[in-house]
Each structure stands twice: as structure tokens, then as C-alpha cells.
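Working notes, beginning with the structure itself.
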Amino acid sequence: MAEIDPTEVFPNERTLEAVADGEMTQIHRGNQYAEEGDTFEIDGQAFEVVDITERTLGDMTDEDARREGSTDLDAYKERMVRAHGGEFTWDDETDVIRHRVAKLD
């Protein structure tokens, strides 16, 4: 367990703001960027990484998409294509790591 830079997990300002606002409580990434128990701060608010889970894109649900700030899985897929400049192709078998976080009191 360590204090980490939040940009190691959340790659851009939009995602950092969404976490700070409570609109985003997890992110799926291609690699693992934190350990369970790691903590970080955004705008003076403390957060903890509460779960790290290996998954595939095919495991993702509408609830996962909502936890990542999208309305549903279709909207999430479209966002991923836009975020990666159209070079992203959804493949249900692609391995990803879910990083779930929670705000600390």
C-alpha cells in the first residue's frame, strides 16, 4: 500500500474530474497501475484503490460503464473509440484490469 499519483491510474483531466465529482468510481486499463490499498488525492480529497480485478472487455456490463461515467456499455464503447483516435477495436477477449476506487472520509 502506497500513496500514488492519481494520474498513474486516471490518464487525463476529464477522468480526474469525474473521480473527484463522484461520477467515476472505476476504470479499466490494459495494465495494472495500482495495488489494492493504494491511496491518492484529487483536489484535497482522499481516495483509496479498493479493488483490482483481471477481466476481459467481454465481462463488462452497463453497470461497469456507468461506474466509468458513461450511460451504458454502448456509449462506453463509442467513448473508447473516440478516446483512442479511432484506432481502438472492441474485442470481447481483450484482457483488462479493473481499478475500483472509493472516496475516504
Side-chain angles (χ1 to χ4, degrees):
M1 161 165 61
E3 175 91 15
I4 62 171
D5 181 335
T7 61
E8 291 179 28
V9 179
F10 298 95
N12 56 52
E13 191 62 34
R14 189 200 67 73
T15 59
L16 292 169
E17 289 174 10
V19 171
D21 292 341
E23 298 169 7
M24 189 172 189
T25 59
Q26 72 181 31
I27 189 168
H28 285 77
R29 306 283 309 269
N31 295 299
Q32 184 173 335
Y33 293 96
E35 299 286 336
E36 287 183 28
D38 285 351
T39 58
F40 59 90
E41 285 192 15
I42 302 173
D43 298 333
Q45 298 177 61
F47 294 86
E48 180 179 357
V49 178
V50 295
D51 182 60
I52 298 290
T53 305
E54 294 181 25
R55 307 178 80 197
T56 65
L57 288 177
D59 293 330
M60 292 187 68
T61 65
D62 284 334
E63 180 60 28
D64 287 309
R66 284 189 285 279
R67 288 175 185 246
E68 294 203 31
S70 293
T71 55
D72 59 25
L73 191 56
D74 287 336
Y76 177 82
K77 290 177 181 180
E78 290 174 16
R79 193 175 94 211
M80 290 300 99
V81 170
R82 282 193 316 273
H84 294 93
E87 296 177 16
F88 176 81
T89 302
W90 188 274
D91 178 353
D92 282 346
E93 300 303 315
T94 299
D95 292 323
V96 291
I97 306 292
R98 178 178 60 198
H99 301 71
R100 189 171 283 173
V101 301
K103 185 176 177 182
L104 296 174
D105 294 325

Full working for side chain to side chain contact (heavy atoms under 4.5 Å, CB included) between L73 and M60: CA-CA 8 Å; L73 191 56; M60 292 187 68; 4.0 Å; yes
CA sep, side-chain torsions, deciding dist, call: V9, I27, side chain to side chain contact (heavy atoms under 4.5 Å, CB included): CA-CA 8 Å; V9 179; I27 189 168; 3.7 Å; yes
Derivation and outcome, salt bridge (charged side-chain N to carboxylate O under 4.0 Å, His left out), residues D95 and R55: CA-CA 6 Å; D95 292 323; R55 307 178 80 197; over 6 Å; no
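Between atom CD of residue E36 and atom CZ of residue R100 there is a gap of 10.5 Å, rounded to the nearest 0.5 Å. For the atom pair CG of N31 and CD1 of I97, the computed distance is 7.5 Å after rounding to the nearest 0.5 Å. Note: M80 CE to F88 CZ = 7.0 Å, rounded to the nearest 0.5 Å. Within the model, atoms OG of S70 and CD of E78 stand 9.0 Å from one another, a figure rounded to the nearest 0.5 Å. To the nearest 0.5 Å, the span separating CG on D62 from CG on D74 amounts to 7.5 Å. Rounding to the nearest 0.5 Å places CD1 of I52 at 10.5 Å from CD of Q26.
A donor-acceptor pair shorter than 3.5 Å can be found between the side chains of E68 and H28.
Side chains of H99 and R29 form a contact here, defined as non-hydrogen atoms less than 4.5 Å apart. Side-chain contact check for T56 versus T94: every heavy-atom pair is 4.5 Å or farther apart. Side-chain contact between F47 and F10: absent, with no pair of heavy atoms (C-beta onward) separated by less than 4.5 Å.
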Show me the donor-acceptor pairs, under 3.5 Å and distance only, between side chains in residues 14-25 and residues at least two apart or in other chains.
unit_1: T15; atom_1: OG1; unit_2: N12; atom_2: N; d: 3.3
unit_1: T15; atom_1: OG1; unit_2: N12; atom_2: O; d: 2.9
unit_1: T15; atom_1: OG1; unit_2: N12; atom_2: OD1; d: 3.3

Contacts under 3.5 angstrom, residues 39-46 side chains, donor-acceptor by atom type, not counting sequence neighbours:
unit_1: T39; atom_1: OG1; unit_2: E3; atom_2: OE1; d: 3.2
unit_1: Q45; atom_1: OE1; unit_2: K103; atom_2: NZ; d: 3.0

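With salt bridges taken as basic N to acidic carboxylate O contacts below 4.0 Å, none links D59 and R98.
The cluster map of Ile, Leu, Val, Met, Phe, Trp and Tyr, joined by side-chain heavy atoms under 4.5 Å apart, puts V49 and L104 in different clusters.
Remark: side-chain polar atoms of T61 are paired, donor with acceptor, to backbone N or O of E63 under 3.5 angstrom. Between the side chain of D38 and the backbone N or O of I4 there is no donor-acceptor pair closer than 3.5 Å. Put simply, the side chain of Q32 gets close to the backbone of A34: a donor and an acceptor are under 3.5 Å apart.
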